[in-house]
Amino acid sequence: MAPSLLIFFLLLLASSGCDAFYLPGSYMHTYSQNEPIIAKVNSLTSIETELPFSYYSLPYCKPPGGIKKSAENLGELLMGDQIDNSPYRFRMNVNESLFLCITTPLNDHEVKLLKQRTRDLYQVNMILDNLPVMRFANQNGLNIQWTGFPVGYTSPQTNEDYIINHLKFKVLVHEYEGSGVQIIGSTGEEGLSVVISEADKGKASGYEIVGFEVIPCSVKRDPAAMSDLKMYDKADPVANCPPVQPEKSQVIREQERVSFTYEVQFVKSDIRWPSRWDAYLKMEGARVHWFSILNSLMVIFFLAGIVFVIFLRTVRRDLTRYEELDKEAQAQMNEELSGWKLVVGDVFREPNFPKLLCVMLGDGVQIAGMAIVTIVFATLGFMSPASRGMLLTGMIILYLFLGIIAGYVGVRAWRTIKGTSQGWRSLSWSVACFFPGIVFIILTLLNFMLWSSRSTGAIPISLYFLLLSLWFCISVPLTLLGGFLGTRAEAIQYPVRTNQIPREIPARKYPSWLLVLGAGTLPFGTLFIELFFILSSIWLGRFYYVFGFLLVVLLLLVIVCAEVSVVLTYMHLCVEDWQWWWKAFFASGSVALYVFLYSINYLVFDLQSLSGLVSAMLYLGYSLIMAVAILLSTGTIGFLTSFYFVHYLFSSVKID
């Protein structure tokens, strides 16, 4: 493990020195002068409610040709993205200020909806050439970067709500090749009109979009004057966009007619196309990530020291003494000895609920494999934010195809415990349905809440049938195939015989589950710092792209889970407790409890703005799914390590 860990550290250091790279799945598009650029709108989102809504659920201007949905992948649909075309027109290197439309007088329903979306801090998310729109805000002297712009503002002086109805776009472009071409048009500044020869056109035909920024404004315009304009007629630009001024801003009120306008400014930039996502993926708090890794390494070395002592000093010493004695002396020594050597006839006795244990082991291997492979691919750049929904889509596909490993591990564990393959079909079905069934039940309950709120985050019925089809047509058959292969694999033979009468377990001063629960704090200590960044990316709408750190943390978590489980299993055997199976599983799996408790803590202290019962239930539901997945994966890692430790330990003891 040490050499591979060193390699990952070197890869991480090498990647941190790179300024840019081409992200697989994203393709460069070069535009010629005056070429139209398609702008799209995504769902309205809010960190206060976490309920996405369609852009056109508000009285915004609609495209001339009608609303057309963009093709979406599985991950985008599950995340509640609804990408539509927009009425905003962009032409490469053409600066202009345009009128879009003027609404009919706002009715009571539209006013209430606009006010509610404004008070809930909903953001409008626009996309140009696959780049999300970005805005900068000054808070407490800090320049903060956000994606999207608000639906409106609430004035602290008047407590009135004002709609954002004028947008000042700035599009950063990089000339791909040839000599420069001067920008045409004007947004209040002096425009330049240039005649370009045919030779020059060939030299300067390529422009790349490397940035998309917006300054949102609320501007009150004369409805009578605006009514005479048609879509894409020229409109007066806004020189400055100051904070909300009631007399100059468009209030949200019944019978008000809202005029929507925008202006576009193209600015040449030295940013190259491969580096255009750097502004979104700035790695804030790199020192914190390194602290997390160093903290994990300290825990690993501490536990490794304990394991080293157990193996080399205690176990080896006892085995050496035991093997040097003759049979009569061994029998006499058995009467005098205490600890793990006394449970040699019970250590491999069948545990309680063996079928459930095998099912959880199969699902745990499937989830752990999915997580590791997904993070490796994400670290290599194959699941970049440029490909929206690709991360979730990749996880689902990997989970489906790893069903063959889940079935194999579950059935082989069943054969090892029971000594027979009888009932493997039932077990394989249980493996295929256990974790997906839990997720399906939770998602269905959450979906009913989202349907009642008319949120785009609700999973459509068609998508439900698609997921069920993928589950039964891919995952279940592969799990059954894996189970069949498990029946053909050689069962793991126990190194010692099991007595017919179980040995009595000595009474203890404290319950064993207390030690098992306490063991979960060590794996959680390696995870909790990175967990904060992951939760922030999910619930606060931030991009998470430090997968190099996450991969290292995941590897450290695997090592800690294995060490914790081995140490705790040995401690239980030393006090003559031969019922180690479930304790080994929950010793490392109990980290899931702390993850769920931390999620509740994050909800209370870091998501204070989250409002509404539906939003809270949505958060807790997804947190519960995450905790169950962590329980199964970390528990499986700990159990398998402990099993091979116990097998090795007792295979060294010679018993007639």
Side-chain angles (χ1 to χ4, degrees), residues 36 39 41 44 54-67 84-91 94-119 122-124 126 133 135 149-170 184-191 214-265:
V41 287
L44 306 173
S54 170
Y55 173 83
Y56 292 108
S57 63
L58 296 180
Y60 286 131
C61 304
K62 294 177 174 56
I67 301 169
D84 303 313
N85 59 333
S86 79
Y88 293 93
R89 185 184 74 181
F90 292 80
R91 293 182 296 172
V94 178
N95 293 344
E96 50 192 350
S97 180
L98 303 176
F99 166 80
L100 272 184
C101 73
I102 183 169
T103 65
T104 56
L106 297 177
N107 58 38
D108 179 60
H109 172 71
E110 291 171 334
V111 169
K112 286 182 179 178
L113 201 58
L114 282 169
K115 284 180 173 286
Q116 184 180 355
R117 298 289 182 265
T118 300
R119 296 292 175 106
Y122 269 86
Q123 303 286 310
V124 179
M126 288 188 64
V133 70
R135 69 184 173 95
F149 57 89
V151 170
Y153 292 114
T154 301
S155 172
Q157 293 87 12
T158 62
N159 204 33
E160 288 276 9
D161 299 309
Y162 300 90
I163 188 171
I164 296 297
N165 64 336
H166 182 81
L167 301 172
K168 295 169 66 73
F169 292 112
K170 182 166 75 171
I184 301 173
S186 172
T187 57
E189 300 174 1
E190 184 180 357
V214 67
I215 300 175
C217 311
S218 181
V219 180
K220 185 173 180 61
R221 295 183 184 268
D222 181 15
M226 292 290 110
S227 299
D228 296 332
L229 298 178
K230 295 180 181 179
M231 185 175 282
Y232 305 130
D233 282 349
K234 290 187 178 180
D236 295 331
V238 177
N240 295 309
C241 192
V244 176
Q245 296 179 1
E247 66 280 0
K248 296 182 180 179
S249 303
Q250 178 60 60
V251 68
I252 301 174
R253 190 182 296 150
E254 278 191 68
Q255 301 305 312
E256 286 283 335
R257 300 189 69 189
V258 181
S259 301
F260 289 95
T261 54
Y262 72 102
E263 51 190 280
V264 183
Q265 180 186 13

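Of all heavy-atom pairs between Arg117 and Leu58, the closest is CG-CD2, 3.8 Å. Minimum heavy-atom separation, Lys168 to Ala239: NZ-O, 4.0 Å. Nearest heavy atom pair, residue Arg91 against residue Glu96, reads NH2-OE1, 2.9 Å. Between Pro237 and Glu263 the shortest heavy-atom distance is CA-OE2, 3.6 Å. The shortest non-hydrogen separation linking Pro150 to Ile164 is O-CG1, 3.3 Å. What you find for Pro63 and Ser86 is that their closest heavy atoms are CG-C, 3.8 Å.
Looking at Met226 and Leu229, their side chains come closer than 4.5 Å, going by heavy atoms from C-beta outward. Contact of the Tyr88 side chain with the Leu167 side chain is registered, since non-hydrogen atoms from C-beta on lie closer than 4.5 Å. Taking 4.5 Å as the limit, some side-chain heavy atom of Thr103 sits within range of a side-chain heavy atom of Phe260. Using a 4.5 Å heavy-atom cutoff, the side chains of Val41 and Met126 are in contact. Counting heavy atoms from C-beta outward, Asn159 and Thr154 have side chains that approach closer than 4.5 Å. With a 4.5 Å cut-off on side-chain heavy atoms, Val258 and Pro59 do not count as touching. Contact check for Ile163 versus Thr118: no side-chain heavy atoms found under the 4.5 Å cut-off. Within the 4.5 Å cutoff, no side-chain heavy atoms of Thr261 are placed close to those of Leu100.
Atoms NE2 and OG, from His166 and Ser97 in turn, are 5.5 Å apart once rounded to the nearest 0.5 Å. Separating the CD1 atom in Ile67 from the CG atom in Asn85 is a distance of 7.5 Å, to the nearest 0.5 Å. Interatomic distance, Leu44 CG to Tyr56 OH, rounded to the nearest 0.5 Å: 11.0 Å. Here the CD-SG distance, from Gln250 to Cys217, works out to 13.5 Å after rounding to the nearest 0.5 Å. Distance OH/Tyr162 to NZ/Lys115: 9.0 Å, rounded to 0.5 Å. In this structure, Glu254 CD and Asn107 CG are separated by 7.5 Å, a value rounded to the nearest 0.5 Å.
For residues 217-231, the set of pairs meeting the salt bridge (Lys or Arg N to Asp or Glu O under 4.0 Å) definition, not counting sequence neighbours, comprises Lys220-Glu256.
The aromatic rings of Tyr55 and Tyr60 sit parallel to each other, their planes meeting at less than 30°, with 60° as the upper class boundary.
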Notebook entry, point to check: Is there a side chain to side chain contact (heavy atoms under 4.5 Å, CB included) between Ser155 and Val251 once you walk through the steps?
Noted result: CA-CA 10 Å; Ser155 172; Val251 68; over 6 Å; no

Next item on the list: Apply side chain to side chain contact (heavy atoms under 4.5 Å, CB included) to Ser227 and Arg257, showing your working.
Entry: CA-CA 10 Å; Ser227 299; Arg257 300 189 69 189; 3.3 Å; yes

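Arg135 forms no cation-pi arrangement with Phe149, by the criterion of a distance under 6.0 Å to the ring centre and an angle within 45° of the ring axis.
Atom CG of Asp236 has 12 or fewer neighbouring heavy atoms from other residues, nucleotides or ligands inside a 6.0 Å radius.
Judged by distance alone, the side chain of Tyr262 and the main-chain N or O of Arg89 form a donor-acceptor pair under 3.5 Å.
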